[in-house]
There are 2 protein chains.
Amino acid sequence: MEPSAKDHILSSWQDTLHSHGFRVTRPRQQVMEIITSSTTALTPQEIYHKSLEGERFPGIASVYRTLELLDKLGLIQQIHQPGGCHGIWPTVEGHNHCLICRNCGQMKIIEGNEDITGYIARIENQTGYRVDDHWLQFFGTCSGCLD
Amino acid sequence: MEPSAKDHILSSWQDTLHSHGFRVTRPRQQVMEIITSSTTALTPQEIYHKSLEGERFPGIASVYRTLELLDKLGLIQQIHQPGGCHGIWPTVEGHNHCLICRNCGQMKIIEGNEDITGYIARIENQTGYRVDDHWLQFFGTCSGCLD
DNA sequence: TCCTTATTGATAATAATTATCATTATCAGT
DNA sequence: ACTGATAATGATAATTATTATCAATAAGGA
Ligand SMILES: [Zn+2]
Ligand SMILES: [Zn+2]
Ligand SMILES: [Zn+2]
Ligand SMILES: [Zn+2]
């Protein structure tokens, strides 16, 4: 069985930890494993509760500490939704947009290649703002939930 | 002096409260006044602390209760940002996007007339999702902060 | 003005996050 | 593989944000 995308992210994250002088500990591995194997953006509490399913699990403080570290290293990002805003998801290289199923929470990352530069230029002219970033996210129903 | 846009929103909100059988009380008026006169999206706590500047002010519980009511009536919405997600802002009629200054927090609402329907169709084909809504928000620097 | 009752304020309870510190375990150096 | 320095953990206390409770108050119709 070839290594999955998840395994690739996991080992890349461990390399990043090591190369920054951070230790790869069991609690950190557990949290990273949960994040990378999820199909939905999980909250810190959800990550903690998932970890309880194992026979050994990290303390809640270590979950938060790991998330803080992964965030500082730019490995994760927060996903915002109308119903809740602490969803954790691996950072994807380059500009992108996310697509979330309202029903089951399943997430997809859309590699961003849309052209809204014209729209942005118009907004800058209208408002006098200089725009340097944007969030574009889509909400809907995934194919599984459509059936 | 002609009535400002803020006064117009305020009296419209009071009408909405009355027409739904809710009383227009002093605490509610204070919270509504703070929200409608702000140039930035305020958190519940910020709204409460601003209210303390007056000689009489609502209890923190009434601030939350008022926000809950305004939200239920669709009069306010939450503004999400990388740094924090409980910003309260008056709802604007129709589809729109928001533009936030990273430096001072000043907000502008852009009446949404962008054309991303082609992009959405492409995403639906790629992913099998049905997309029914989206968030598009811009971050940058306002003209005041550019000087 | 009076009366009904929706709403408030004070505060307790709950929930989420952060701080503290003695103990544990990673991993570089042998 | 063993050892030691110390980064990191777990348990728990502290802090912060939000919600629930309930007797007292005040909005607004009669
Ligand atoms: Zn958010
Ligand atoms: Zn779904
Ligand atoms: Zn500004
Ligand atoms: Zn739009």
How far does [atom1] of [X] sit from [atom2] of [Y], to the nearest 0.5 angstrom?
X        : Y        : atom1 : atom2 : answer
A/Gln29  : A/Leu17  : CD    : CG    : 9.5 Å
B/Asp7   : B/Ser12  : CG    : OG    : 12.0 Å
A/Gln78  : A/Gln81  : CD    : CD    : 11.5 Å
B/Cys98  : B/His80  : SG    : NE2   : 9.5 Å
B/Cys145 : A/Tyr129 : SG    : OH    : 8.0 Å

Rounded to whole Å, how long is the line connecting atom [atom1] of [X] with atom [atom2] of [N]?
X       : N      : atom1 : atom2 : answer
B/Leu17 : D/dG29 : CG    : P     : 13 Å
A/His20 : C/dC27 : NE2   : P     : 16 Å
A/Gln14 : D/dA8  : CD    : C1'   : 16 Å
A/Tyr64 : D/dT15 : OH    : P     : 18 Å
B/Ile88 : D/dA17 : CD1   : C1'   : 14 Å

Is there a path of hydrophobic side-chain contacts, each under 4.5 Å between heavy atoms of I/L/V/M/F/W/Y residues, joining B/Ile120 to A/Leu99?
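As far as the 4.5 Å side-chain criterion goes, B/Ile120 and A/Leu99 are connected within one cluster.
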Using the rule that two of Ile, Leu, Val, Met, Phe, Trp, Tyr join whenever any of their side-chain heavy atoms come within less than 4.5 Å, decide whether B/Trp89 and B/Tyr48 are in one cluster.
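Looking at the clustering, B/Tyr48 is in a separate group from B/Trp89.
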Side chain of B/Arg23 only, please: which of D/dA5, D/dA27, C/dT17 is the nearest?
D/dA27
Using a cut-off of strictly less than 4.0 Å between a heavy atom of the residue and any atom of DNA chain C, enumerate the qualifying residues of residues 66-74 of chain A by number.
none
Please give me every residue in residues 35-54 of chain A whose heavy atoms get under 4.0 Å of an atom in DNA chain D, ordered by residue number.
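Here the set is empty: none.
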If the plane angle is over 60° it's perpendicular, under 30° parallel, otherwise tilted; pick one for B/His134 and B/His97.
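Taking B/His97 first and then B/His134, their aromatic rings sit tilted (interplane angle of 30° to 60°).
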What is the bend of the helix from C/dT1-D/dA30 to C/dT30-D/dA1 when you compare the axis at one end with the axis at the other, using five pairs each and rounding to 10°?
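Both end axes considered, the difference amounts to 50°.
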So [Y] and [X], do their side chains get closer than 4.5 Å, heavy atoms only?
X        : Y        : result
A/Phe138 : B/Asp133 : no
B/Leu70  : B/Ile35  : yes
A/Asp132 : B/Arg102 : yes

Output one line per pair: protein atom, nucleotide atom from nucleotides 28-30 of chain C, and distance, for all N/O pairs under 3.5 Å.
none

Would you say CZ of A/Arg122 has more than 12 non-hydrogen atoms from neighbouring residues, nucleotides or ligands within 6.0 angstrom?
yes
Can you confirm whether the side chains of B/Glu124 and B/Tyr119 place a donor and an acceptor under 3.5 Å from each other?
no
Please step through side chain to side chain contact (heavy atoms under 4.5 Å, CB included) for the pair B/Leu67 and B/Ile47, ending with a clear verdict.
CA-CA 10 Å; B/Leu67 293 178; B/Ile47 291 169; 4.0 Å; yes
For the pair B/Ile110 and A/Thr127, evaluate side chain to side chain contact (heavy atoms under 4.5 Å, CB included) and give the outcome as yes or no after the intermediate values.
CA-CA 9 Å; B/Ile110 314 291; A/Thr127 63; 3.9 Å; yes
N/O to N/O distances under 3.5 Å, protein versus nucleotides 9-13 of chain C:
unit_1: C/dG9; atom_1: OP2; unit_2: B/Gly59; atom_2: N; d: 2.9
unit_1: C/dG9; atom_1: OP2; unit_2: B/Ser62; atom_2: OG; d: 2.9
unit_1: C/dG9; atom_1: N7; unit_2: B/Arg65; atom_2: NH2; d: 2.8
unit_1: C/dG9; atom_1: O6; unit_2: B/Arg65; atom_2: NH1; d: 3.2

Does A/Thr25 have a side-chain nitrogen or oxygen under 4.0 Å from the phosphate oxygens OP1 or OP2 of D/dT9?
yes
Think B/Arg26 has a side-chain N or O under 4.0 angstrom from the OP1 or OP2 of D/dA26?
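Checking D/dA26 against B/Arg26, no side-chain N or O comes under 4.0 Å of OP1 or OP2.
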Which residue pairs pass the salt bridge (charged side-chain N to carboxylate O under 4.0 Å, His left out) test with at least one member in residues 15-44 of chain A, sequence neighbours excluded?
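The answer is A/Lys6-A/Glu33.
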